[in-house]
Amino acid sequence: MSVLAVEGLAKSFGAVRAADDVSFTVAAGEMLALIGPNGAGKSTCFNMVGGQLAPDAGRVRLDGRDITGAAPGRICRLGAGRTFQVAATFASMSVRENVQMALIAHRRRVWRFLRPAAGECRVEAEALLARLGMADQAERAASVLAYGDLKRLELAMALAGSPRLLLMDEPTAGMAQAERASLMRLVRALATADAIAVLFTEHDMDAVFSTADRILVLDHGRIIASGDGPAIRADPKVRAVYLGED
């Protein structure tokens with residue numbers, strides 16, 4: 001059974017059909033890229049999966065459970081993690097404290113703020129940072145991190161709940177080319193090791209073609225192609241609509 005199953009999603013904004021009968025699945029350990037030109041409906045579909053938008057029609061299932069229209073917090077507790085185009089971290093806290101906060105929130109132990117929280121989930125936070133190669137930066141303030149490290153910290157926070165599904169919205173936005181490649185290699189390794197299904201949107205085609213197992217191409221809210229990298233590169237419709245080739 002697929003970790004994520006999307007069936008017939010549709011969404012309109014007035015006369016604009018932003019998503020029209022979009023269906024796909026993502027298996028454990030698989031990385032699926034959602035691409036397309038501006039206005040293709042990528043963000044709309046992505047946000048319907050993540051709970052930021054409710055679909056007009058269709059279904060979203062996570063490990064067989066219907067999460068259609070559920071709030072983002074509930075979807076997170078049911079097994080999804082998410083990163084954003086602009087890294088969402090607590091700038092005034094240390095790297096370790098950011099991950100501790102994510103762990104505490106996922107375990108719904110906020111009530112423990114009635115007493116000092118410095119020791120809460122500390123061991124787990126340090127172990128997660130070690131996996132992402134950030135153990136030596138645990139005590140640094142998030143505000144002083146290079147942007148590539150900030151994106152890795154956000155990834156650590158998204159992984160705090162041991163998600164079955166990882167949603168990544170433009171994960172390499174704002175990063176230098178070497179940082180992009182490094183981050184996507186890390187995501188690939190984590191997805192494989194932990195059998196995490198990954199759905200991501202991305203404008204960097206190098207990141208897409210070097211990392212994605214499958215690629216889904218949208219145009220005007222509809223799927224126009226689906227397949228692996230070579231199949232997508234060779235598809236004449238994709239080349240005309242998105243890759244800029246006749």
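Throughout, residue positions are numbered sequentially from 1 according to the sequence presented.
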Validation row: [X], [Y] side chains within 4.5 angstrom (heavy atoms):
X	Y	answer
F90	M157	yes
R188	D213	yes
D136	L129	no
L218	I224	no
L186	R152	yes
F200	V208	yes
Q52	P72	yes
Q177	D204	yes

Got a sec, which residues hit side chain to side chain contact (heavy atoms under 4.5 Å, CB included) with S2, two or more places apart in sequence or on another chain?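 So S2 forms a side chain to side chain contact (heavy atoms under 4.5 Å, CB included) with T25.
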
Is [Y] reachable from [X] through a run of hydrophobic residues whose side-chain heavy atoms are each under 4.5 Å from the next?
X	Y	answer
F24	I232	no
M168	I67	no
L216	F209	no

Roughly how far, to the nearest 0.5 Å, is the [atom2] atom of [Y] from the [atom1] atom of [X]?
X	Y	atom1	atom2	result
S162	E124	OG	CD	10.0 Å
L190	L166	CG	CG	8.5 Å
S210	M205	OG	CE	10.5 Å
R122	L103	CZ	CG	13.0 Å
I104	C121	CD1	SG	5.0 Å
D206	M184	CG	CE	11.5 Å

Return the minimal non-hydrogen interatomic distance between [X] and [Y], and the atom names on each side.
X	Y	value
V238	A225	CG2-CB, 3.4 Å
M48	A10	SD-O, 4.0 Å
A197	A27	CB-O, 3.3 Å
T211	A207	OG1-O, 2.9 Å
K151	P171	CE-O, 2.8 Å
L9	P55	CD2-CB, 3.8 Å

Between [X] and [Y] (side chain of the first, backbone of the second, donor and acceptor by atom type, cut-off under 3.5 Å), is there such a pair?
X	Y	answer
Q137	M134	no
D194	I196	no
T201	E170	yes

Output yes when [X] and [Y] qualify as a salt bridge under the 4.0 Å nitrogen-oxygen rule, no when they do not.
X	Y	answer
R82	D169	yes
R61	E7	yes
D228	R214	no

Go through the structure and list residues passing side chain to side chain donor-acceptor pair (under 3.5 Å) with D219, not counting sequence neighbours.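 Side chain to side chain donor-acceptor pair (under 3.5 Å) list for D219, sorted by chain: empty.
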
Sort out for me which residue in V3, T68, V49 forms a side chain to side chain contact (heavy atoms under 4.5 Å, CB included) with L62.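 For L62, the side chain to side chain contact (heavy atoms under 4.5 Å, CB included) check succeeds only for V3.
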
Test side chain to side chain donor-acceptor pair (under 3.5 Å) on T89 and N98 and set out the steps. CA-CA 7 Å; T89 61; N98 268 271; 4.6 Å; no

Taking only distance into account, with no hydrogens and no angle test, what donor-acceptor pairs under 3.5 Å do side-chain atoms of residues 31-45 form with protein atoms, sequence neighbours excluded?
from : atom 1 : to  : atom 2 : distance (Å)
K42  : NZ     : G36 : O      : 2.9
K42  : NZ     : P37 : O      : 3.3

Please assess F46 against L53 for the test side chain to side chain contact (heavy atoms under 4.5 Å, CB included), listing each intermediate value before the final yes or no. CA-CA 9 Å; F46 197 82; L53 282 175; over 6 Å; no

When you look at V241 and V217, which way does the side chain to side chain contact (heavy atoms under 4.5 Å, CB included) test go after all the steps? CA-CA 10 Å; V241 168; V217 188; over 6 Å; no

